Each structure stands twice: as structure tokens, then as C-alpha cells.
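Reading through the C-alpha cells given below for one structure.
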Amino acid sequence: MLPALAMVGVFVILPLAAGAVLSFFKWDGINQPVWHGLDGYIQVFASPALRDTLVHAFILIGFYGLLPISIGLVLATVVRRSRVRGLPLYRTAIFLPQVVPTVAAAVVWRWLYQDAGPINSTLRSLGLDALAIQWLGDFTWTLGAVGLVGTWASFGLCTVLFLSAIQRIPEELYDAAKVDGAGAVQEFFAITLPALRGEIAVALTLTAVIALRGFDLVYVLTRGGPAATSMVPGVAIYIRAFEQGQIGNSTALGICLALVVAIVVFLLRAVGERGQELGYE
Amino acid sequence: MGKINAAFEAKYPNITIQRTVYAWADLRAKDTLAITGPNPPDVIQEAGIPAIGPALVQAGALVNLDPIADQYGWHDRFAPNYFQWAQFSSDGSQRGNGSIYGIAYQVEATVVFYNRTKLQALGLSAPATFADLQAALAAAKAAGETPILLGNLEQWPGGQFYQSVDYTLATPDQLTSFTDFSYGRKPAVSLTDVLSQGASTIQDWWSKGYINADANNLSVNDLAAQFEAGKGVFIVTTSLEAPSLAQAMGDGVGAFIMPPQQAGGPLVAPGAESTPFGIPTGSQHQAEAAMYLDFLTGPDGAAIAAAGGAAPVVPNSYQPPAGSLTAELLPELQALMTSNGLIPWFDGGTPSMVDTLGGVVQQVMAGQITPSVFTDTIMSDFNTAHP
């Protein structure tokens, strides 16, 4: 236990504490920090631009978490019902996005999303010119376009997680349901969904954390643009701290983000555990 | 740079240079860490001077180059305004005058490059006035071309484009105030009118389809690739692109300074000495570093740099081939420097101005905000940073 504690202490607790202290100072990263009290935090909540970054992060939870979980549930159910042959190969294929480094994937997606890129070329060749929007340069749709890359990156993880769990559900349950005359949809809501509740909570926790503290995808795809319509806290923190020399201020945003992540994880766990008490597990 | 370093090593065989190269986008973040770190380099290219320069000078992290400038006679070599970009008061609070903390081997400006073949096909030549340029844009649009190709995914390119347009619209008084603004000093005359005027102009150009519709979805690297492949008649970007454009397009590319309102009027462009080089105080070889800076910025370095397509202002032995892009652009840039036509980019006025300007340029072009909101946002960023 002790070595593990020491590691956590040095690499997690200490930096976190240092960050918490710094967030009360005004610091350019070079000269002596100047005491600033709660000014950094007031700015986080007073500045609409910074508040928006948190809103964007929560929207991204939908794309990084809810959407992939829905896709994963559908795919896992279909696979269970149809007894696909070559399941390991299929599993590997859909898990692949999880293995590709995010930055490499983002570079490829940036090309896919270009006006002259494959997506718009395909849409135009199908006569769907109205749908061929500027994916990474549109004030309305860019955040969603970034989110879809996140969906692509995490649906494999969710599917594989649900696939392994769904195979542990006793076949008798499904047989009994069939005897009772349940259709595919009723079967899903009565048996599959409750049985996967624990896995769904795990998947939602993992993906929500990735969405909230995300940096690499947004930084490479849009740097938060156009204007600040896809700006997320991670990128805002980086730009403020390392390009604009406002380390204290950006640390305050970082601490707020850490708190938000902690609260979200706590809530998700509470929901997951309530499920266990209700006897779903 | 590689060739200049090799020439320096050949001249001083007991000195070896270890060069580390970073992408421009990373340099701003790397610089602070490198300069203040435990083992700083002997010479460093000072990216992000407007944002981090004051703090570095205040902390005494950069060597004051005044004695070196006197020793090597830099004041005879360069006009006084050449040094402004990296001049600071000793406490770092004032920029644009004071002691020298960095020096560049070339100047840089936001200029207009054009596809020579396309412009000739339209029956036009390089415009002499701003009105000519607007007429050329209309003609290009009517001929089904993309008049201005802009790669604005990263946002700062749109900011540079805007500044290039706006400086041409400004009066001499306003230009002086833009210089003040760039260095974080309160502008003497109000800039709100000319800022809004520039915003209206690019908004108008955007709505008339003079700028490619995918500008916000096109990265600056992809822009160069598309222009080289024959898309677009004009691009407005940094003169530092000249060597690679000339290599890719040969005689097919030309360049000019954004034309003035009146024919024959004084030329202006956003520009300054290019990203300067300085010496971290922690360097163990400051004397050698000073020798290197002198070599780099002197006639020997200038000749090598000019041969590579750079724009040094120091007279040197290099003669650009007639008809080349360098032959077209280099004298213009040198003339700008001596005629005080290089006005620093005002997005250096606050640490966050590059990002602020980049954002509002995208918004105003797309019609998301009005020119007056555009101007208010810029002024409020400035007034917050300089209360």
C-alpha cells in the first residue's frame, strides 16, 4: 500500500495541491506570483466565454457518452440475437478506434471534414449539397462534428464492454421471456438493460470524464473555433496558461473543472449503486 | 538557418551549434519553459514576444543587448524602428522603446500573393489602388474564380488578413495610434471608426463571395497546398511564405503590398522585424551568442538568408534573379522598412488579442456580430489589459 500511496501523493495529490494554491494567485509563469484571492474563480463564473466552455463540455458528454452507449447497446443486442460468426474479428474491428492515438485520428478527421474532403464529396455526388456544410468551420454544427469524432472513438469500447456482459446473462431468462410472449424490444428493456446497468454506469463514467476534461481532439480539430463555438475547458486552460501567460487564472478554471468532474463521477456512481440496491445486479 | 549556421561554424571552427527546431504553433509554449528552465539555450527565437516578453524582461531572463548593439555597431546597420518589436523598459512594463532584448535577421509583413496566370487571364495586372483591388475581386468573382483564398481554421490568419486591409484604410494619425496600440500604449486618436470600417469591408467581401466559403474549415497548411495547386487568385498572408510559394509555383506567383487608397500613396503593411533572436541570461556562452547574433543579422548572414528567400534589410552581396518572387518582394519590404510603412500587428497589443481578433473576424464575416460589436470587443480586451 505504502509505495502506491507515495506514487499517488507525488504525482496526483502534490500537483493538485500546488494547483489549488496557485489558483489564488495571479502568475505569468515567470515572475513572483501575486496574491489574487478569489479573483480567478470570480472570472470563471463571471466570464460568459469561460462558462460556455463548461456548457460545451456537457454537450460533448452526449456525443462521447450517451450516443456511443446507445450504439453499443444496439450492436451488442443485435450480436446476441443473431449469433454472428467470427465474433473476435468483429470485436477487434469495432474496438480499433479506441486504440488509435487521438491526435492521429483527429488529423485524419480534419481531412475527412474538409470542404474538398471525402465526406462533402460523397454528399455532393449524391446530390445532397445542402448537407455538405463546413464541418469544422460552422458556427452551429462544429461542436457536433467534433462530438461525432468522440462518438466514433468511444463506441467500440462501449460495445465490447456490453458484449462481454450480455453473454453472461443466463439464456434461461430470455427463454422465459419468449415463453411469456415478449418481443425483441420488451426483452431488451426487461432483461438486457437492467442486467447491463453496472456496465452502463462504468461506460458513462469513463466517457463523461473524457468529455469533460478533453483537450487533444478539440485542440487538433478546431482549437475551439470558429470563434469560440467549440471551445472546451481543457483547450481554454492550455491557451491561457501557456500562450497568454495567465497561469493563475487558468489554474482556477482547472480546479473548477476537476470539481465538476468529481461531482459528475460521484453522481454517476450514486446512480449505479442505487441500481444494485434495487437488485438489478 | 541551417546554411547560416554552417557558414558561422566554418568561420569559427571552435564553435559548434546545436539547433533544435519546433513547429511555430508549439514555439510560444516552449519558449518560456526553455528560457527559464535549468539549462537554457545560448540563443533562442523569441516567439510570442507581445504575450511573454514583458514577463521575461521583468524577470531578468533575457540579456539586455544594448552593449552588444554598441559593440557591433547595430545602430549603424539598422534604422531605429527596426528594434522596436523587442525593445522594453528595464522592468518590462513598456514595450516598443527602451533596451533591445532581441534582434531578427529579416523583416516580415502581411502581403498579398497572386496567381499570375489567373490575373493575366482576367486581363488584369497587380492593382495600384485599393479600388483597383476591389475591382479585381469583382472581376475574379464574375469569372467564376475564388477571388481571395483564406485558410482560417486556426483563426490568426483571418486576423492578419483583417489587419492588412484595415491599415490600408487608416490615416497616418491612425497608423501611429495602431503602433501605440500594438505596444500596449493608449492610442492618441480613437481607432473605433477605422476598426469598424475594416470590419465592414471584410464583411462586405464575405457576403459578396470574394472569400472562399470554406475559409473557417481550411487550415493554413491546406491553404498553401490549394493555392499552389491553382485555387484562388489572391491570398493575404505573411511574406515568410514567399520561398515555399516560389519553389512550388515558380514564375506563376507574384506579390504586392496591399495597395493604398490613392494611386502613388504611401504603402503600409502590418509588419515588423521577424521573430527576433535573443540570449537567455542563463546562457553559459553569452559572448559567443552575441557573435552569432551579429553574424546572423550582418551582411554575411543576410546574403545567405536572401538567397534562401528571406527578406533581410541589410545591404548584402545577394542579387535576386530578375523576374523572381524575391526580386519583386524584397525591394518593396526594404522600402517599407525605411519609409516607416511597417506598422506592427496590433494583435500584439494584449496577451489575448490574437485570439480575440481571430474570433471576432470569423464572427463579423459570418454576420454573427456587427462591425460595432467587433470594435467594442477589441477595445474592451485592450482596456481590460491596460486599465
Side-chain angles (χ1 to χ4, degrees), chain A residues 26-34 43 46-50 52 106-107 109-117 119-120 129 132-142 145-146 219-231 235-236 238-247 249-250, chain B residues 25-33 35-36 47-48 50-62 91-92 151-156 158 212-219 221-222 225-226 229 231 350-356 358-369 377 385:
Chain A
K26 186 177 177 167
W27 191 38
D28 55 24
I30 300 162
N31 292 286
Q32 282 295 317
V34 181
Q43 273 186 39
S47 142
L50 289 182
D52 281 354
V107 170
W109 275 97
R110 201 161 86 173
W111 170 70
L112 291 173
Y113 275 147
Q114 265 189 18
D115 190 48
I119 294 178
N120 277 359
D129 292 46
I133 57 169
Q134 303 306 330
W135 297 96
L136 299 180
D138 190 287
F139 282 84
T140 311
W141 301 110
T142 293
V146 171
Y219 185 76
V220 177
L221 283 175
T222 66
R223 257 185 75 100
T229 49
S230 65
M231 185 61 82
V235 176
Y238 175 85
I239 290 178
R240 266 152 210 273
F242 296 106
E243 294 186 1
Q244 302 182 356
Q246 304 179 33
I247 295 194
N249 177 316
S250 78
Chain B
D26 300 330
L27 198 57
R28 282 208 286 176
K30 295 269 185 211
D31 263 2
T32 312
L33 299 172
I35 293 170
T36 55
I52 61 166
L56 288 172
V57 170
Q58 188 193 347
L62 290 172
D91 64 353
N152 202 19
L153 185 70
E154 291 92 345
Q155 304 193 9
W156 60 261
N212 52 314
D214 68 337
N216 294 341
N217 194 14
L218 189 68
S219 76
N221 286 337
D222 295 330
Q226 289 198 359
K231 195 174 179 213
T350 75
S352 53
M353 192 59 84
V354 172
D355 300 306
T356 302
V360 289
V361 164
Q362 286 186 325
Q363 287 177 308
V364 83
M365 284 200 299
Q368 300 260 325
I369 57 172
T377 312

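Chain letters run A, B, ... following the sequence lines, proteins first, then strands; residues in each count from 1. A quick note: this is a predicted structure, and the numbers were derived from the prediction, not measured.
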Per-residue contact mode, Thr32(B) against chain A (heavy atom under 4.5 angstrom): side chain
Heavy-atom pair count under 4.5 Å with chain A, highest-scoring of Gly358(B), Ala51(B), Ala213(B): Ala213(B)
Carboxylate-amine/guanidinium contact Arg223(A) Asp355(B), below 4.0 Å: yes
Nearest non-hydrogen partners of Leu221(A) and Ala106(A), listed with the distance: CD2-O, 3.4 Å
Pro226(A) backbone acceptor or donor facing Thr229(A) side chain under 3.5 Å: yes
Option in Leu136(A), Asn31(A), Asp138(A), Asp28(A) with maximal non-hydrogen atom pairs under 4.5 Å from chain B: Asn31(A)
Contact origin within Thr350(B) toward chain A - heavy atom pairs under 4.5 Å: neither
Side-chain donor-acceptor contact under 3.5 Å, Gln114(A) with Asn120(A): no
Interface residue of largest heavy-atom contact number with chain B, from Gln32(A), Gln134(A), Gln246(A), Arg110(A), under 4.5 Å: Gln134(A)
Tyr238(A) and Tyr219(A) aromatic ring geometry - parallel, tilted or perpendicular at 30°/60° bounds: perpendicular
Test item: Met365(B) and Asn152(B) side chains (from C-beta on) under 4.5 Å apart, heavy atoms: yes
Chain B contact via Arg240(A) - side chain, backbone, both or neither, heavy atoms under 4.5 Å: neither
Residue Asp222(B) versus chain A: region with a heavy atom under 4.5 Å: side chain
Per-residue contact mode, Leu33(B) against chain A (heavy atom under 4.5 angstrom): neither
Heavy-atom proximity to chain A below 4.5 Å, by part of Gln155(B): side chain
Ionic contact status for Lys30(B) with Glu243(A), cut-off 4.0 Å: no
